[in-house]
Each structure stands twice: as structure tokens, then as C-alpha cells.
Amino acid sequence: MEKFDSFDDIKKSLEKKEADCKSIVAYYLKNIQTKAHLNAFVEVYGQSALEQAERIDEKLAKGKAGKLAGMVIGIKDVLNFSGHESNASSNILKGYISQFTTTAVQRLINEDAIIIGRLNCDEFGMGSSNENSAHGKVLNALDESRVPGGSSGGSAVAVQANLCTVSLGTDTGGSVRQPAAFTGVIGMKPTYSRVSRWGLIAYASSFDTIGVFSKTVKDNALVMEVMAGHDEFDSTSSRKPVHHYSELLHFEKKVKVAYFTETLESPALQPEIKSQTEAILEKLKSEGHEVEEVHFPLLKYTLPTYYILTTAEASSNLSRFDGVKYGYRTPNAHNLESMYKLTRSEGFGEEVKRRIMLGTFVLSASYYDAYFTKAQRVRRLIKDFTENLLDDFDYIIMPTTPTTAFKFGEHSGDPVAMYLEDLFTVQASVSGVPAISLPNGKDQNGMPIGLQVIANSFKEAELYAFSNYLTELTT
């Protein structure tokens with residue numbers, strides 16, 4: 001069977017009767033088996049996916065299939081899927097079977113998408129390299145000695161290595177965009193509240209968003225338009241109308257684009273990434289767009305603000321995992337206090353424990369105002385600056401990451417160096433605005449470079465259209 005690079009390829013095969021949904025699932029299952037050493041999937045739903053495909057083939061024959069019929073999707077291991085294990089790639093939730101399905105996933109299933117398995121990730125979404133998983137690290141398919149990025153590393157590699165058509169990840173501070181950049185695929189983080197979080201195992205509730213990995217902008221837009229919209233189970237989900245993003249990809253107008261001096265002059269920025277980003281800005285100028293240099297004096301505060309607030313929220317969210325109600329419980333306890341302590345010490349990995357400790361510290365009575373309250377104020381300043389800038393400009397362009405994919409173990413002993421990988425992605429997360437990472441060439445080692453584009457809140461339709469135009473400029 002021919003290679004499927006997009007959902008359009010699948011639809012053409014279905015229309016020409018060259019394939020059916022069952023054979024398409026079999027194609028992906030074979031790829032997953034062949035590339036199992038990449039460790040992208042922690043569980044493959046082979047039998048249920050084939051059964052689902054058979055039902056959809058019957059609906060196709062009757063002309064009653066949904067708009068995603070034939071699309072095969074992998075979901076990150078923080079998204080609940082009823083009747084299947086979901087453990088956030090953590091030993092503390094080992095064996096936990098979901099009692100319900102995440103709203104975003106259910107909406108895809110309602111349109112006849114086929115869920116093929118759950119994907120490896122950093123434990124509870126905490127990490128930038130996918131080295132913090134209880135299921136072991138995920139390998140970058142382009143260079144297996146290098147990380148795929150995190151936390152949604154498995155989701156990125158699943159699309160990169162053609163193990164599914166698209167995949168779902170989650171983005172708290174860059175966990176869709178950064179691995180998309182490291183693996184050379186497209187990764188979209190929507191506006192906070194655009195997609196329901198119901199069914200997502202929380203890391204930091206005021207930051208978490210469900211995002212999409214794909215090889216084409218059109219596929220990404222199609223999945224987003226199906227997932228997005230208000231959900232009665234999530235009071236934070238927006239009631240704003242959802243546009244048909246995949247039908248609004250035509251782009252003609254001239255736009256105003258801002259870029260930050262501080263990002264391109266950052267000492268952490270790899271020279272090849274700088275030159276590739278500058279090349280795109282020059283191309284936009286030559287196409288008649290207005291491109292302007294802007295100063296972002298708050299850049300140095302975005303990362304500490306993000307980590308103070310997210311670790312505080314993680315400390316609160318993860319307090320529920322205590323061995324009492326579900327998940328792992330230590331067999332070594334001799335009283336209630338030791339049960340709590342040992343369960344959490346044995347069940348959580350090092351990075352999760354580090355962030356819980358940091359969060360507990362900044363929430364403590366002595367430091368609450370000095371750290372947490374101050375970080376909330378700075379978050380407001382960053383959000384206001386970003387939104388005001390996007391009132392004057394259509395888009396902000398910057399590198400997705402300061403470096404391309406680094407080697408395994410390179411930052412393992414230095415958490416600060418690891419956290420710096422999120423330097424350019426956290427602004428959109430702190431501000432709650434949509435952002436996308438697009439492939440933008442490769443470095444001298446053949447590793448992908450990512451280009452990040454940020455738009456104002458709920459401007460997903462415009463962002464997708466501009467991104468589609470940019471992909472033509474970069475090829």
C-alpha cells in the first residue's frame with residue numbers, strides 16, 4: 001500500500017476503492033510494529049481499531065460516514081479513553097482504567113476518526129525531552145541518538161514516523177510546539193479555552209491545552225474544528241463560535257508581522273535557527289508584507305513566571321494522587337503517614353517530585369506573596385503586552401526553540417538548561433493565545449528547525465491560513 005502523507009491521500013484512496021478503513025488501519029499497525037523501537041506508543045488498540053474501521057466501512061458504503069472517516073489518530077497518555085488504561089506515563093497511575101472519554105477525543109470519534117493507541121510522554125506532561133516517562137524514552141526517528149522533544153514526544157514521533165495520520169498532544173508551556181519543531185512536523189496550540197479540557201489529566205489547569213500534530217496545515221485545521229467548541233462539562237471552555245478552519249485556508253491579504261529583537265539576539269539561539277528565521281522574515285518583506293522589529297522587555301521574565309505558576313498548580317493538582325482512591329499504593333507502609341509519603345515517593349518520578357516541591361515552596365505561607373502573587377501580576381503584564389501588540393500586528397514570528405533536537409542525556413543533569421528549551425514557547429502559554437510551529441528547514445546535522453507563529457486569541461482561522469501560506473514560502 002502507498003504511503004499516506006495526509007488525510008487527503010486517505011480520502012482519495014477510499015474514493016477510488018483502492019483501500020478501505022480496515023486496510024488503512026492495518027497499514028498503520030504494520031508501521032507501528034516495524035518501528036516499535038522508537039517507543040512512541042505505550043499501548044496499541046489493534047483489535048478495537050480494526051473493529052472501529054469495519055463499522056466505518058459499513059457507514060461509508062451507506063454514505064453516512066462522518067467527515068473524519070479513515071483518519072487514524074493516536075492520543076497522548078494524559079487523555080482519558082473509556083475502557084482503556086490512562087496513566088500519564090507515571091507509575092503512580094499504573095493500571096488505572098479510564099471510566100470516561102475526553103471530550104476532544106469523543107468529538108473525533110463522533111466524526112468517525114479511528115483511535116489507534118495511546119502515546120508516550122513525559123510523566124504528567126512535565127518535561128522537554130520525553131526522558132521522564134515511566135515507559136522509557138521516545139527516540140527521534142531522524143536521529144535516534146537525539147530527543148524528540150517533550151512532553152508530547154510520542155505524539156510528535158507518531159506523526160513524524162507515519163504511525164498515524166494525526167495525533168493529539170497537550171501544550172502547557174510548549175509541549176506540542178517544541179516537539180513539533182524537533183521532529184519536523186506541524187504542531188498547533190489553540191487559544192486557552194478553545195478546546196475542552198474535560199478528560200485531560202491535569203498538570204497546570206490555567207495553562208493546559210489540547211493540541212494537534214500533523215504533516216499538513218489542512219489536516220491540523222480539520223481536527224481542530226471538530227474538537228473545538230463549548231463543553232458543558234468544562235466551565236472554562238469558550239462559547240465563541242467555531243469556524244470551519246479547514247475551508248478557510250486561502251490567503252491573499254498583506255499583513256503586519258512583528259518579531260522580537262530579544263529572541264534573535266538571544267545568546268541561547270543556535271546560529272542556523274537565527275538565519276532560517278531571518279530568511280523567512282526577508283521573504284515576507286519581499287512579498288510585500290510589513291515586517292517590523294519590536295522590543296519585548298519582558299522576555300526574561302516569561303520563563304520564571306511560567307515555572308512558578310505551573311509548579312504551584314501542579315503541586316495542588318497532583319495532591320490527589322496519594323494512594324487512597326486509585327492508582328499505586330505502596331506495600332511498605334506501616335501507618336497512614338508512611339502510606340502517603342512512600343506512595344508518592346515511590347510512584348512519582350524525579351522531575352514530577354522536583355516540580356511538586358517547587359510548587360509547594362512558592363505556595364507556602366512565607367513565600368506566597370513574594371513568588372506566587374508576584375508571578376500572577378507579571379503574567380498579567382505579559383498577557384497585556386502580547387494582546388496589545390497583536391492589536392497592532394497580525395502575527396508575531398519567532399523561532400520555536402533556541403536549539404534543534406539535542407542528544408539524550410545532554411541536559412539531564414541540569415534542570416535549568418532543560419527549562420531553557422521552553423524559552424520561546426512560554427509567552428503564548430502565559431498569554432493564553434494560539435501559536436503554531438511549522439517546519440523551517442534543517443541544521444547542518446539534518447535536524448529540523450521550527451518557526452513559531454503567534455496570533456491573537458480566537459484567531460485560529462487566520463493563523464491556519466497564514467501558516468498554510470508560510471509552508472509554501474518555506475518549501
Side-chain angles (χ1 to χ4, degrees), residues 6-8 11 66-68 71 103-104 107-108 110-111 113 165-166 168-169 171 176-177 180 185-197 209-231 234 236-258 280 284 287 289-290 383 386-398 400 425 427-429 431-439 451-474:
S6 69
F7 186 44
D8 278 346
K11 287 194 290 185
K67 64 168 75 173
L68 300 182
M71 181 179 281
T103 296
R107 287 178 177 174
L108 300 178
N110 293 346
E111 287 293 340
T165 321
V166 303
L168 300 188
D171 192 309
V176 166
R177 291 161 287 151
V185 299
I186 294 166
M188 172 71 165
K189 180 201 91 73
T191 306
Y192 180 82
S193 80
R194 180 71 293 183
V195 176
S196 168
R197 290 183 295 111
T209 53
I210 297 174
V212 184
F213 291 91
S214 65
K215 287 187 176 176
T216 69
V217 172
K218 186 178 180 182
D219 286 357
N220 206 297
L222 179 61
V223 171
M224 188 60 69
E225 74 185 48
V226 173
M227 291 197 307
H230 178 67
D231 175 21
D234 178 6
T236 66
S237 62
S238 173
R239 293 182 180 273
K240 286 182 180 288
V242 179
H243 301 292
H244 294 288
Y245 306 134
S246 62
E247 297 171 14
L248 299 170
L249 296 177
H250 186 63
F251 182 85
E252 281 185 342
K253 67 174 186 173
K254 300 302 178 187
V255 296
K256 281 183 73 176
V257 174
I280 282 294
L284 286 170
E287 292 282 321
H289 301 286
E290 193 175 333
K383 180 178 172 65
T386 303
E387 290 179 343
N388 290 338
L389 185 64
L390 287 166
D391 286 337
D392 296 330
F393 291 86
D394 296 293
Y395 307 101
I396 300 168
I397 284 182
M398 67 176 83
T400 308
T425 54
Q427 180 189 357
S429 299
S431 305
V433 296
I436 193 168
S437 179
L438 306 168
L451 180 76
Q452 184 178 199
V453 188
I454 300 173
N456 217 338
S457 296
F458 302 103
K459 295 285 187 181
E460 279 82 5
E462 294 85 345
L463 181 55
Y464 275 126
F466 185 54
S467 298
N468 200 45
Y469 167 71
L470 282 174
T471 57
E472 294 169 5
L473 284 185
T474 55

Heavy-atom neighbours of [X] [atom1] exceed 12 at 6.0 Å:
X	atom1	value
Lys256	NZ	yes
Lys11	NZ	yes
Lys215	NZ	yes

Which atom names give the shortest non-hydrogen contact between [X] and [Y], and what distance separates them?
X	Y	value
Arg107	Ala228	NH1-O, 3.3 Å
Ile436	Ser467	CG2-OG, 3.3 Å
Leu463	Met188	CD2-CE, 3.7 Å
Asp234	Arg197	OD2-N, 2.9 Å
Val212	Asn220	O-ND2, 3.0 Å
Val433	Lys189	O-NZ, 2.9 Å

From [X] atom [atom1] to [Y] atom [atom2], the distance as rounded to the nearest 0.5 Å:
X	Y	atom1	atom2	value
Asn456	Asp391	CG	CG	5.5 Å
Asp219	Ile186	CG	CD1	8.5 Å
Lys240	Thr191	NZ	OG1	9.5 Å
Met227	Leu222	CE	CG	10.5 Å
Met71	Ser214	CE	OG	8.5 Å

[X] and [Y]: side-chain donor and acceptor closer than 3.5 Å?
X	Y	answer
His289	Tyr469	yes
Asp231	Ser196	yes
Ser431	Glu387	no

Please evaluate residues Phe458 and Ser193 with respect to the criterion side-chain contact (heavy atoms from CB on, under 4.5 Å), reporting the C-alpha separation (whole Å), side-chain torsions for both, the decisive distance (0.1 Å), and the verdict. CA-CA 9 Å; Phe458 302 103; Ser193 80; 3.5 Å; yes
Any side-chain heavy-atom pair of [X] and [Y] under 4.5 Å:
X	Y	result
Thr209	Val195	no
Lys218	Asn468	no
Leu284	Leu470	yes
Tyr395	Lys459	no
Thr216	Asp8	no
Ile454	Met398	yes

What donor-acceptor contacts under 3.5 angstrom involve side-chain atoms of residues 244-254, with partners at least two apart or in another chain?
{"unit_1": "Ser246", "atom_1": "OG", "unit_2": "Glu225", "atom_2": "OE1", "d": "2.9"}
{"unit_1": "His250", "atom_1": "NE2", "unit_2": "Glu252", "atom_2": "OE2", "d": "3.0"}
{"unit_1": "Lys254", "atom_1": "NZ", "unit_2": "Glu287", "atom_2": "O", "d": "2.5"}

Is the backbone N or O of [Y] less than 3.5 Å from a side-chain atom of [X], with the two atoms forming a donor-acceptor pair by type?
X	Y	result
Arg194	Pro434	no
Tyr192	Thr236	no
Arg177	Thr425	yes

Asp394 and Phe466: CA distance, side-chain angles, deciding distance, side-chain contact (heavy atoms from CB on, under 4.5 Å) verdict: CA-CA 10 Å; Asp394 296 293; Phe466 185 54; over 6 Å; no
Qualifying residues under side chain to side chain donor-acceptor pair (under 3.5 Å), relative to Asp392, sequence neighbours excluded: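 Partners of Asp392 by the side chain to side chain donor-acceptor pair (under 3.5 Å) criterion come out as none, since no residue qualifies.
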